[in-house]
There are 2 protein chains.
Amino acid sequence: MAAALKKMSEDKGFSSLGLREVTKEAGIAPASFYRHFSNMEELGLALVSEAEDALQAILLDAKALEEKGEDIVASSVQVCMQHFRDNGPLFRVLAREATGNSPLIRRRIQRCLMNLNHQLAEIIELEMRRRHRKITNPLYIAEAISTLVFNLGIASADLPYAKQKEAEKRLAHHIRIIYWGAEAMANSQHLSRNIMLS
Amino acid sequence: MAAALKKMSEDKGFSSLGLREVTKEAGIAPASFYRHFSNMEELGLALVSEAEDALQAILLDAKALEEKGEDIVASSVQVCMQHFRDNGPLFRVLAREATGNSPLIRRRIQRCLMNLNHQLAEIIELEMRRRHRKITNPLYIAEAISTLVFNLGIASADLPYAKQKEAEKRLAHHIRIIYWGAEAMANSQHLSRNIMLS
DNA sequence: TTTTTCAGCAAACACTTGTACACTTAATTG
DNA sequence: CAATTAAGTGTACAAGTGTTTGCTGAAAAA
């Protein structure tokens, strides 16, 4: 699995990754591959599993931050980006294969991301209740935020440092806007004044 | 090019698409490929070019809608999704190769999307001025919106009809929240009251 | 009408690919 | 200790890969 990741961060692309390539990188004979996986797709699923764990780790870190107080948005984004950097190849696999070759792998990633959205929504709801703020449909908010962080974050994870910091700033801004918007919308619904729809 | 697209919408993935596969689908000999492209990567770039044009077409359609008035957000999203459906394979190539194999193609797509963001930002700014609304950094807003529409839209473009409509609704909601948030933030900056940062 | 360009062809080349089989070791287990 | 299992090996095979070369017709330009 490590060999596959290394190969993928070099010449990119899981679907264009051959069984023989992987075994050569791993320093074993082609036939030995079948002792561990019966398929390349199985290897892919294993990698996705690992990436799922890494995603969960991010959420845990973010939760820990939340209890500390501070500027949650900024530090959450920073933590995210740190994770994206730390195991860049793994997440790039996830991003790639989310729209990738194998339907099996694709569905699994989509399910994983949706699951993550539900967890994130729960965190957001709790936090908002703690602050006595109303908010519309936390799951939607979670989807918007995770989509932005995931796509923009991973895309800029292998850029030079300055660009990364810039991306962090933009991401934090996006998230803040979404929070503000959600709150504004919730309040306007309460007052039944919906200017944006007219 | 049509053959490549067809192949890609079947067994997915440009990087895993062979020259010989394409020529077989096109009904010509492998050697004949070189009369049109000197490389598979060149074919990829040509496809991206076509997709870029399709993206521009979306923007034109959206602009036309804007002058009509009506519910801009909802109808823009509908128009977008219609385009995504109409040439699904093309856009899936774009989404895939945005995080894909070839650095050359990847950079080009990123540049194209950034260009699109600038155009979208201009539209947003004009529209906001027309409505006498203040807004913070239109380019950020454009980035957030296009990222969401692009990723969520394309991901759900090949789902069953009901799910698509549901995705449309969610997308429109996201966009509205972002608009609200941008406006709220602009107003708060004006009043120098920044509750979200505390 | 002659010439040049264009799109296509078959055959061949040197590789790489996934997979299968029979085999050796090393470690684990009974 | 003996037996079983896990991991790895070399060889082989059929199929597929990108690319080159020299060739054919047809269409377009001269």
Side-chain angles (χ1 to χ4, degrees), chain A residues 1-51 53 89-90 92-94 96-97 99-109, chain B residues 1-51 53 89-90 92-94 96-97 99-109:
Chain A
M1 288 171 66
L5 270 182
K6 188 176 175 190
K7 268 288 167 197
M8 290 179 72
S9 52
E10 286 169 15
D11 48 18
K12 315 266 185 182
F14 176 77
S15 48
S16 61
L17 193 62
L19 176 152
R20 276 181 125 103
E21 264 181 283
V22 178
T23 56
K24 197 195 290 180
E25 175 72 42
I28 59 173
S32 305
F33 178 88
Y34 294 98
R35 302 286 159 186
H36 307 271
F37 309 97
S38 61
N39 232 333
M40 273 306 268
E41 191 166 68
E42 218 169 82
L43 207 196
L45 284 174
L47 285 174
V48 170
S49 270
E50 209 165 88
D53 293 346
L90 203 56
R92 231 167 297 136
V93 174
L94 210 67
R96 175 110 20 115
E97 300 309 313
T99 57
N101 200 304
S102 147
L104 228 155
I105 293 179
R106 222 170 43 222
R107 306 265 172 221
R108 170 133 180 204
I109 293 179
Chain B
M1 286 172 68
L5 270 182
K6 188 176 174 191
K7 268 289 167 195
M8 290 180 69
S9 51
E10 286 169 13
D11 48 17
K12 313 268 184 182
F14 176 78
S15 47
S16 61
L17 194 61
L19 176 154
R20 277 180 127 104
E21 265 181 284
V22 178
T23 57
K24 197 194 289 179
E25 175 71 43
I28 60 174
S32 305
F33 178 88
Y34 295 96
R35 302 285 158 187
H36 307 272
F37 310 95
S38 61
N39 232 333
M40 273 305 269
E41 189 165 70
E42 218 169 82
L43 207 196
L45 284 173
L47 285 173
V48 170
S49 270
E50 210 164 87
D53 293 346
L90 204 54
R92 232 167 297 138
V93 174
L94 211 66
R96 175 107 22 113
E97 300 308 313
T99 56
N101 201 304
S102 148
L104 229 155
I105 294 180
R106 221 170 42 220
R107 308 264 171 220
R108 172 138 180 200
I109 294 178

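FYI, side chains are in, hydrogens and waters are out, and symmetry mates aren't considered; it's all heavy atoms of this structure. Residue numbering restarts at 1 for every chain, and letters A, B, ... go by the order of the sequence lines. Everything numeric in this text was worked out from a predicted model, so none of it was measured.
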Roughly how far, to the nearest 0.5 Å, is the CD atom of A:E25 from the CD atom of A:E10? 6.0 Å
Is there a donor-acceptor pair under 3.5 Å between the side chain of B:R20 and the backbone N or O of B:P30? no
Per atom distances to the B:I28 side chain, the nearest of C:dG8, D:dT21, D:dG8 is C:dG8
In whole angstroms, how far is the C1' atom of D:dT19 from the CD atom of B:E42? 15 Å
Using the side-chain heavy atoms of B:R35, tell me which of these nucleotides is nearest: C:dC9, D:dG8, D:dT19. C:dC9
Nucleotide nearest A:L19 when distance is taken to its side chain, options C:dA10, C:dT19, D:dT9: C:dT19
Expressed in angstrom and rounded to an integer, what is the separation of A:F37 atom CZ from C:dT19 atom C1'? 17 Å
Quick one: the side chain of B:R20 and the base of D:dG16, do they pair up donor-acceptor inside 3.5 Å? no
Is any side-chain heavy atom of B:V22 less than 4.5 Å from a side-chain heavy atom of B:M40? yes
Pairwise side-chain contact, A:T99 with B:R92, heavy-atom cut-off 4.5 Å (strictly under): no
For B:L17 and D:dG16, what is the distance between atoms CG and P respectively, to the nearest whole Å? 15 Å
Could you tell me if the side chain of A:I109 sits less than 4.5 Å from the side chain of A:I105, heavy atoms only? yes
Mapping A:K24 and A:A31 to their closest nucleotides on DNA chain C, which lands nearer the 5' end? A:K24
Where the side chain of B:H36 is defined as all heavy atoms beyond and including C-beta, which of D:dG18, C:dG8, D:dG10 is the nearest nucleotide? C:dG8
Which listed nucleotide (C:dT19, C:dC9, D:dT19) is nearest to the side chain of B:S32? C:dC9
Hey, does A:F33 reach any base, or is it just sugar-phosphate, or nothing, if we go heavy atoms under 4.0 Å? nothing
Figure out the CG/C1' separation between B:N39 and D:dT17, and round it to whole Å. 14 Å
Between D:dA6 atom C1' and A:Y34 atom OH, what is the distance in whole Å? 18 Å
Atom CD of B:E25 to atom P of D:dT17: distance rounded to whole Å? 13 Å
